[in-house]
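Positions are given from 1, in the same order as the sequence printed here. Side-chain atoms are counted along with the backbone in the values below, which use heavy atoms only and exclude waters and symmetry mates.
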Amino acid sequence: MAQETVNLEQEVVLVEELGNARVVTLNNPKQLNVISPKVVVLLAANLEKWEEDEKAKLVIIKGAGRAFSAGGDLKMFYNGRNSKDSCLEVVYRMYWLCNHIHTYKKTTVALVHGISMGGGASLMAPMKFSVVTEKTVFSTPEASIGFHTDCGFSYMLSRLPGRLGEYFGLTGARLNGKELVAAGLATHFVPLEKLPELEKHLLSLNTGDEDAVGSAIKEFSTDVQIDEESILKKQSIIDECFSKDSVADIISSVETEAGKEGNGWIVPVLKGLKRSSPTGLKITLRSIREGRKQTLSECLKKEFRITINTLRARISGDVYEGIRALTIDKDNSPKWNPSTLEDVEDERVNLVFEPFEEDFELKVSENEQDRWDGKYEDSAYCHQ
């Protein structure tokens with residue numbers, strides 16, 4: 001077994017080379033394996049190396065401790081709020097990496113227990129095989145703090161059945177392991193107690209053959225039956241409400257449903273929507289709906305523009321206020337600006353979607369021969 005020490009300060013990513021398998025462990029459990037700049041750089045470097053290494057056949061990714069990954073490092077974004085584009089590099093690198101995770105040429109397996117949220121889930125959902133357990137918790141809560149569903153989720157959520165994409169994106173609703181499989185965001189449900197044994201078995205196969213890996217995982221997996229109380233059983237109501245043209249119309253429709261007998265489940269949904277950033281909600285709804293007609297690379301380029309403009313506070317500073325209220329002061333009392341949906345003008349929202357000059361767009365190639373081109377080091381941002 002060859003284990004690489006990937007960082008002298010803290011090994012936030014552990015890499016093991018075991019025969020034809022490569023095992024990646026996100027190793028910052030105290031911070032729920034947040035995606036820091038170091039993590040992004042190390043993941044990208046290793047994935048590129050392994051894709052070109054004939055000996056590497058299978059890539060397994062997992063999280064240390066009680067989480068898979070809680071997503072982006074919110075405090076990093078907050079601390080950079082007064083320095084222009086202080087987080088641009090990590091955003092560029094992460095979205096560029098997301099493209100390669102979706103299109104990776106080797107067989108990939110995510111072993112996901114605990115929290116898998118936001119950008120963290122972008123290391124789960126696109127994998128060839130994503131294995132979840134009874135302890136897995138998924139959510140895309142970005143809109144509630146003045147941000148938007150990113151890391152390719154405007155592409156992934158928009159392709160879920162009916163209007164589930166709008167629902168998950170706007171509400172940040174949580175899904176458990178079985179619900180993830182039922183919704184199509186994970187491939188297999190394996191009881192947590194069997195996860196270490198499954199990993200050992202996958203390593204013993206010493207192959208990246210998709211059929212062999214899939215069959216092995218299936219041996220350990222159990223059929224999924226979602227509870228009657230599951231949100232996925234409410235899809236007709238979700239489709240009715242979240243198909244409306246605007247966020248205001250969606251909230252109005254949810255309000256109507258909340259007043260009906262037997263619909264107690266939707267009352268917290270309504271409260272959550274009303275507490276969320278009006279700007280974040282409007283941007284997220286538009287992004288997911290545009291995503292239905294966009295390719296993966298188009299979605300990632302769009303998300304890059306939205307994120308950079310959001311971090312630049314081009315139309316609102318809500319993302320910093322949302323992070324402050326959630327993780328800095330923890331008062332859970334954000335003061336949104338604008339404070340109402342009516343005050344978030346569509347013309348203003350248009351600004352965060354505007355294309356950059358060509359040299360400053362995210363560079364993701366759809367051509368096989370140069371698919372690893374477009375790195376941050378070669379971008380205009382690195383040379384300005």
Rounded to the nearest 0.5 Å, what separates atom [atom1] in [X] from atom [atom2] in [Y]?
X: Ser316; Y: Asp343; atom1: OG; atom2: CG; result: 11.5 Å
X: Asn99; Y: Leu362; atom1: CG; atom2: CG; result: 8.0 Å
X: Met127; Y: Thr107; atom1: CE; atom2: OG1; result: 12.0 Å
X: Lys128; Y: Ser130; atom1: NZ; atom2: OG; result: 11.0 Å
X: Leu285; Y: Ile250; atom1: CG; atom2: CD1; result: 4.5 Å
X: Ser333; Y: Leu326; atom1: OG; atom2: CG; result: 11.5 Å

Non-hydrogen side-chain atoms of [X] and [Y] separated by less than 4.5 Å:
X: Thr284; Y: Ser287; result: no
X: Leu58; Y: Arg22; result: no
X: His102; Y: Met156; result: yes
X: Val40; Y: Ile35; result: yes
X: Val344; Y: Leu341; result: no
X: Lys38; Y: Val13; result: no
X: Val181; Y: Val132; result: yes
X: Val91; Y: Phe304; result: yes

According to side chain to side chain contact (heavy atoms under 4.5 Å, CB included), who are the partners of Pro196, at least two apart in sequence or on a separate chain?
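If we apply the side chain to side chain contact (heavy atoms under 4.5 Å, CB included) test to Pro196, skipping adjacent residues, there are no hits.
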Indicate whether the side chain of [X] and that of [Y] have a donor and an acceptor atom separated by less than 3.5 Å.
X: Asp239; Y: Ser236; result: no
X: Asn28; Y: Gln31; result: yes
X: Trp372; Y: Glu51; result: yes
X: Glu257; Y: Asn263; result: yes

Using 4.0 Å as the upper bound for N to carboxylate O, is an ion pair formed by [Y] and [X]?
X: Lys105; Y: Glu368; value: yes
X: Glu361; Y: Lys302; value: no
X: Lys293; Y: Glu298; value: no
X: Asp373; Y: Lys363; value: no
X: Lys233; Y: Glu229; value: no

Does any N or O in the side chain of Asn46 come within less than 3.5 Å of the main-chain N or O of Leu42, such that one atom is a donor and the other an acceptor?
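At least one qualifying donor-acceptor pair exists.
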Are the side chain of Thr140 and the backbone N or O of Gly172 linked by a donor-acceptor pair below 3.5 Å?
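Such a contact is absent between Thr140 side chain and Gly172 backbone.
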What residues, two or more places apart in sequence or in another chain, satisfy salt bridge (charged side-chain N to carboxylate O under 4.0 Å, His left out) together with Lys55?
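Salt bridge (charged side-chain N to carboxylate O under 4.0 Å, His left out) check on Lys55 returns nothing, list empty.
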With sequence neighbours excluded, tell me which residues meet salt bridge (charged side-chain N to carboxylate O under 4.0 Å, His left out) with Arg324.
Glu321, Asp329, Asp331
Pairs meeting criterion ring-ring contact (aromatic ring centres under 6.0 Å, His included) with involvement of [range], two or more places apart:
range: residues 163-185; result: Tyr167-Phe242
range: residues 258-277; result: none
range: residues 198-229; result: His201-Phe220

Chi angles and distances behind the side-chain contact (heavy atoms from CB on, under 4.5 Å) call for Trp336, Thr279
CA-CA 8 Å; Trp336 305 125; Thr279 301; over 6 Å; no
Can you list, pair by pair, the side-chain donor-acceptor contacts under 3.5 Å of residues 143-153, counting residues two or more places apart and other chains?
from: Ser144; atom 1: OG; to: Pro141; atom 2: O; distance (Å): 2.6
from: His148; atom 1: NE2; to: Thr307; atom 2: OG1; distance (Å): 2.7
from: Asp150; atom 1: OD2; to: Tyr95; atom 2: OH; distance (Å): 2.6

Can you pull the side chain to side chain donor-acceptor pair (under 3.5 Å) pairs that have at least one residue in [range], sequence neighbours excluded?
range: residues 156-165; value: Arg163-Glu166
range: residues 169-195; value: Glu179-Ser230
range: residues 59-79; value: Lys62-Glu199
range: residues 244-256; value: Glu240-Lys244, Ser246-Asp249, Glu255-Lys274

What pairs with Phe360 under ring-ring contact (aromatic ring centres under 6.0 Å, His included), at least two apart in sequence or on another chain?
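Result, ring-ring contact (aromatic ring centres under 6.0 Å, His included) vs Phe360: Tyr381.
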